[in-house]
Amino acid sequence: MDQILDGLNSAQRAAVTSPAAVVQVLAPPGSGKTKTLTSRVAYLITQNGLEPRNIVVCTFTIKAAREMQERIRGLLGSDTANRLVLGTFHSIARRFLVRYGSRIGIKSNFGIADTSDSTAIVNRIVKRLHLTIEPKQARARISKAKAQCVSCAEFAVKHQGANMQEFSAVYAEYEDHLRVSNLLDYDDLLLRCADLLRRFPECVARIEAVLIDEFQDTNTVQYDLMVLLAQQRNVVTSVGDPDQSIYGWRSAEVKNLQRMVDLWPETHVAKLEENYRSSALILNLASELIQQDTSRPAKALEATLPMGPQPVLRQIPSAKIEALWIVGEVQRVIRRTCGMIGLGDVAILLRSASLSRLVESALGRAGVPYRMVGGNKFFDRIEIKLVLDYLRAIENSNHNEAVARIINVPSRKIGDATVARLLEDADARRLPLWKIILEIVRGETKVTDKVSPQAQRGLEAFVNVILSARKRLTTMSSEKKSLADFITFVVQKAGIQDHLKRTKAEDFDNRWANVQELVAQATDIVETAPGESLETSTEVIDHESPSPFQDETVLETALTTLLANVALSAESSAQASDQKGLVTLSTIHAAKGLEWPIVFIPAVVEGIIPHSRAEDTDEERRLLYVAMTRAKAFLYLSIPSRGSTGDATSMSTFLSSKALKPLLANAGSQLGSREIKEIALILRRECPTERALSVAAAAEDAQDNRWLSHEDESESWNDDEDHAYAVGHRQSTSNGRSCMIYQSRQGLPDQNVDSQYGCKPTMMNQKEFTSAAAAFSTKFVSASTLQQTSENTPIGEGARDRPSKKNKSASSQSVQSQGSITSFFGKPTVPTSGLASDRPHKLLSRAPLGVIQNPPRATESKRDAEAFIESKPLSKPITLHTTSMQRIESHRKTLGVKRSFNGWESRQHR
DNA sequence: CTCAAGTGCCTTTTT
DNA sequence: GGCACTTGAG
């Protein structure tokens with residue numbers, strides 16, 4: 001008991017120990033929301049004697065679910081934690097449907113249609129009905145209707161316009177298609193579960209308490225679901241904060257907070273008002289920001305931590321330099337704090353996943369390992385999708401979308417035209433695609449007008465793959481390893497390895513490694529989704545109804561669970577851990593509920609935050625508020641004057657308020673030892689010794705390594721331009737002079753280099769170049785070495801000798817060791833994979849290397865650089881080229897960036 | 001005619 | 001990376 005209440009403040013304690021059946025906790029950022037919720041769970045179990053397996057805990061993300069489980073494990077031990085019914089709304093709903101769905105006509109082995117499936121279905125319907133509406137919009141609208149519990153019949157009645165008639169037709173067709181295919185989409189999981197619980201309350205007869213995290217993000221179905229789950233005892237605890245409502249676009253209803261109080265008038269509303277996460281200055285800024293929303297009720301949020309370093313708002317010439325600056329600042333803070341702060345303490349939070357590219361590139365360049373959260377997932381990689389689609393087709397052959405996607409992958413000479421005809425036929429006859437294919441292969445249909453002989457052979461091969469896999473599925477032993485074995489079998493039978501070799505030659509190693517990783521983790525993914533208790537403790541739940549999986553082999557059940565967990569984006573526990581010491585890149589949405597000592601928010605610019613397509617400005621502001629309040633000690637906002645496309649931008653209106661100005665510094669703190677001590681206090685970490693700090697400070701000053709390198713070897717290779725060039729700009733560390741390096745494709749001095757940096761480029765041959773380099777007492781890699789390196793390093797080689805960032809090939813290492821400036825030329829993979837493989841490095845062989853000597857203090861460029869570093873406005877913006885994904889990939893390869901199940905690191909999306 | 005491969009456009013946020 | 005569209009090979 002003491003252990004549960006220990007370390008809670010009075011408000012938290014009041015909420016945790018409240019005798020009221022219904023408790024609504026209003027918990028602003030950093031006020032101990034999770035702590036309160038987990039303590040409440042513990043309290044209900046130990047004090048009120050509730051059974052763990054009769055308690056439902058709903059979160060919105062897998063991450064939150066896992067975190068919750070960890071915390072409860074810490075309080076009550078694994079046994080108890082594992083017995084809770086804990087997970088995302090969707091996963092809990094799925095579990096109920098698997099168990100009891102048969103009562104409302106849902107087969108227990110239903111599949112889950114993900115967004116791409118839904119889109120494909122709607123697409124085909126729209127085409128088939130020759131409608132004019134936009135499929136994507138239609139899909140979004142269906143999802144919205146479902147989230148608000150509007151069935152298609154209701155919708156048709158409510159909306160009578162011509163456009164709406166079309167839409168209702170699509171809605172109806174869509175529902176029909178899902179039903180026929182034995183599929184449920186994300187909204188169905190919730191909707192049908194609510195349906196089930198409404199009609200068969202006995203399914204939740206045993207539920208003694210329901211706890212909801214991030215309650216402000218519930219939509220109508222989820223709210224209904226909460227009420228229905230709790231209908232037996234009406235014991236509910238919700239935790240939320242209207243200020244952090246950022247899912248309005250997903251039909252979240254903040255007014256559910258009020259609905260809850262209206263429904264249960266005895267609700268005890270508990271307000272938490274003390275923040276334990278962020279420094280006082282960060283909190284000041286965030287509060288000031290959120291108060292711009294005048295419709296919002298005033299609210300107290302008190303800082304409990306010292307002031308800390310002032311939050312920074314940085315104006316930066318371009319998005320590219322912004323990325324470089326972020327990396328530089330990360331490294332500076334880490335150096336200055338002598339290891340008190342590490343890479344794992346850093347998060348870069350983005351409004352949209354697509355903003356990550358430049359940052360990734362800069363991190364990659366600097367050799368900083370990172371991981372990504374949000375955005376596209378591991379499971380969205382094309383090769384993973386492929387394997388999963390095979391598995392889905394095997395598990396449920398009615399899954400038209402999966403079948404259609406794999407039918408000609410690897411190529412079986414079945415073209416798009418054939419597939420389209422087959423699909424059309426399937427739709428017309430209301431039969432699954434698979435049945436049509438079977439008919440053709442078995443010769444039951446005359447096909448000459450539909451399918452060419454070669455396509456016929458292809459179909460036969462395809463059917464063979466699926467059928468033999470299915471046979472295997474029902475006959476294979478059901479030992480622990482068998483799921484992995486089964487997937488391996490499917491991959492072999494389908495010829496996926498060869499297919500990847502053929503189509504993804506340059507990246508085969510990576511792709512194949514991904515497939516193998518999926519195989520390796522399959523069992524883990526099935527087993528480690530938190531709180532599978534509804535399934536595992538079947539004996540206790542339900543005596544009268546037989547196990548839904550009665551007719552299936554263990555292996556089939558495992559496969560079904562694997563696919564469901566994948567669709568609900570579970571990650572294996574192995575992937576979830578093992579990510580310490582990496583910088584985190586995340587969307588702001590995915591960062592909710594998390595915290596880091598250092599937070600960067602790039603591109604706080606009109607059009608991005610608030611997003612140009614956002615409908616609700618206040619929600620965009622709350623988004624920025626959520627992002628800011630993730631920070632414990634350091635908060636950096638930045639605004640590039642030019643976006644990645646080079647067009648001018650303006651500061652976000654959220655920041656232009658006069659009230660915010662005095663709260664923001666324009667450059668990072670100097671980090672004197674007094675400040676660092678305060679930071680140690682904020683982070684509750686041990687402060688480095690005075691001595692260590694002064695050594696670090698001295699080293700920093702002596703090194704005076706604050707030059708930003710604008711060098712950009714790979715990005716500047718741009719065939720579309722007359723002057724593909726690369727520019728380096730760095731102060732030599734040993735003699736204090738600065739120099740510039742450039743490389744021109746034509747071997748001509750480059751006008752851009754000239755005007756941008758305000759100094760004359762000097763052309764040199766290789767020999768002159770080398771001696772010029774020596775004059776800077778820095779060794780340069782020679783052009784010939786470079787060429788050799790490139791040739792000796794086959795494309796894709798970097799991937800083979802992973803893991804870890806130390807996997808730079810030997811040649812690269814020797815180059816790197818020659819001095820700081822060589823890192824510019826020193827990465828063999830840059831020329832190697834930056835260029836198309838069929839023209840091996842001809843640009844390089846033609847290009848002379850040059851050094852431009854830059855007389856100390858004389859040039860505009862130097863003033864620019866200095867001004868930038870001293871954070872005075874630049875006299876002239878420096879434009880650099882935009883980057884491309886391919887090149888980022890090559891950086892990642894060079895670095896051996898960790899693959900992450902939850903990563904963008906490869907952003908293929910199907 | 002069919003299919004494969006290439007080009008040029010676009011890309012908010014998530015279960 | 002997806003999608004619509006074009007081009008070239010068989």
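Convention: sequence-line order gives letters A, B, ...; per-chain numbering from 1. These figures come from a predicted structure and were not determined experimentally.
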Which residues share a salt bridge (charged side-chain N to carboxylate O under 4.0 Å, His left out) with A/E606, sequence neighbours left out =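 Salt bridge (charged side-chain N to carboxylate O under 4.0 Å, His left out) list for A/E606, sorted by chain: empty.
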Rounded to whole angstroms, how far apart are [atom1] on [X] and [atom2] on [N]?
| X | N | atom1 | atom2 | result |
| --- | --- | --- | --- | --- |
| A/D117 | B/dT15 | CG | C1' | 14 Å |
| A/K144 | B/dT13 | NZ | C1' | 14 Å |
| A/R139 | C/dG2 | CZ | P | 16 Å |
| A/R124 | C/dC3 | CZ | P | 13 Å |
| A/L585 | B/dT13 | CG | P | 14 Å |
| A/L349 | B/dT13 | CG | C1' | 13 Å |
| A/D185 | B/dT14 | CG | C1' | 14 Å |
| A/D616 | B/dT13 | CG | P | 17 Å |

Choose from [options] the nucleotide whose nearest atom is closest to any side-chain atom of [X].
| X | options | answer |
| --- | --- | --- |
| A/H90 | B/dT11, B/dA4, B/dT15 | B/dT15 |
| A/S411 | B/dT15, B/dT14, B/dA4 | B/dA4 |
| A/T418 | B/dC3, B/dT15, B/dA4 | B/dC3 |
| A/I382 | C/dG2, B/dT13, B/dT15 | C/dG2 |
| A/H589 | B/dT13, B/dT11, B/dT15 | B/dT13 |
| A/Y247 | B/dT14, B/dT11, B/dT13 | B/dT14 |

Taking the nucleotide of DNA chain B with the closest heavy atom to each, which residue, A/E619 or A/A455, is nearer the 5' end?
->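 The answer here is A/A455.
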Tell me whether the OP1 or OP2 atom of B/dT11 has a side-chain N or O from A/R613 closer than 4.0 Å.
->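 For B/dT11, OP1/OP2 do have a side-chain N/O of A/R613 under 4.0 Å.
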Side-chain N or O of A/T61 closer than 4.0 Å to phosphate OP1/OP2 of B/dT15 =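 For B/dT15, OP1/OP2 do not have a side-chain N/O of A/T61 under 4.0 Å.
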Parallel, tilted or perpendicular, as decided by the 30° and 60° cut-offs, for the rings of A/Y186 and A/H90 |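 Judged by the thresholds at 30° and 60°, the geometry between A/H90 and A/Y186 is perpendicular.
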Does the pair A/R621/A/D616 count as a salt bridge with the N-to-O cut at 4.0 Å?
->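 No.
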Would you call A/R511 and A/E383 a salt bridge, taking side-chain N to carboxylate O under 4.0 Å as the test?
->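 Counted as a salt bridge, because a side-chain N and a carboxylate O are separated by less than 4.0 Å.
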When only distance counts, do a donor and an acceptor, one from the side chain of A/T115 and one from the base of B/dT15, lie under 3.5 Å apart?
->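 Indeed, a donor on one side and an acceptor on the other fall under 3.5 Å apart.
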Reference residue A/L184; test side chain to side chain contact (heavy atoms under 4.5 Å, CB included); the match among A/L178, A/I112, A/L97 |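 Looking at A/L178, A/I112, A/L97, the match for A/L184 under the side chain to side chain contact (heavy atoms under 4.5 Å, CB included) is A/L97.
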N/O-N/O pairs, protein side and nucleotides 4-10 of chain C side, under 3.5 Å:
none

In residues 599-610 of chain A, which residues come under 4.0 Å of DNA chain B by heavy atom?
->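 Correct list: empty, so none.
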When we call it a touch if two heavy atoms are under 4.0 Å apart, what does A/N408 touch: a base, just sugar-phosphate, or nothing?
->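 Here A/N408 touches the backbone only, sparing every base.
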Looking for any heavy atom pair under 4.0 Å, which part of the strands does A/L190 touch: base, sugar-phosphate only, or nothing?
->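 Since no nucleic acid heavy atom lies under 4.0 Å of A/L190, the category is nothing.
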Report the C-alpha distance between A/K146 and A/S151 in whole Å, list the side-chain angles of each, state the deciding distance to 0.1 Å, and finish with yes or no for side-chain hydrogen bond (donor to acceptor under 3.5 Å, both in side chains).
-> CA-CA 7 Å; A/K146 284 185 166 186; A/S151 73; over 6 Å; no
Going by ring centres under 5.5 Å and near-parallel planes (under 30°), is A/F89 stacked on B/dT15?
->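 By the stated criterion, A/F89 and B/dT15 do not stack.
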Find out whether the Lys NZ or Arg CZ of A/R99 is both under 6.0 angstrom from the six-membered ring centre of A/F96 and within 45° of the ring's axis.
->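 Not flagged: A/R99 not positioned over aromatic ring of A/F96.
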What's the verdict on side-chain hydrogen bond (donor to acceptor under 3.5 Å, both in side chains) for A/Q69 and A/E67, showing C-alpha distance, side-chain angles and the deciding distance?
-> CA-CA 5 Å; A/Q69 197 182 31; A/E67 159 115 24; over 6 Å; no
To the nearest 0.5 Å, tell me how far A/D389 CG sits from A/S116 OG.
->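 A/D389 atom CG to A/S116 atom OG measures 7.5 Å (nearest 0.5 Å).
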Expected output: side-chain A/E620 to main-chain A/H611 donor-acceptor under 3.5 Å =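 Side chain of A/E620 to backbone of A/H611, a donor-acceptor pair under 3.5 Å: yes, one is there.
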Side chain of A/R250, backbone of A/A147: donor and acceptor closer than 3.5 Å?
->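 Judged by distance alone, no pair lies under 3.5 Å.
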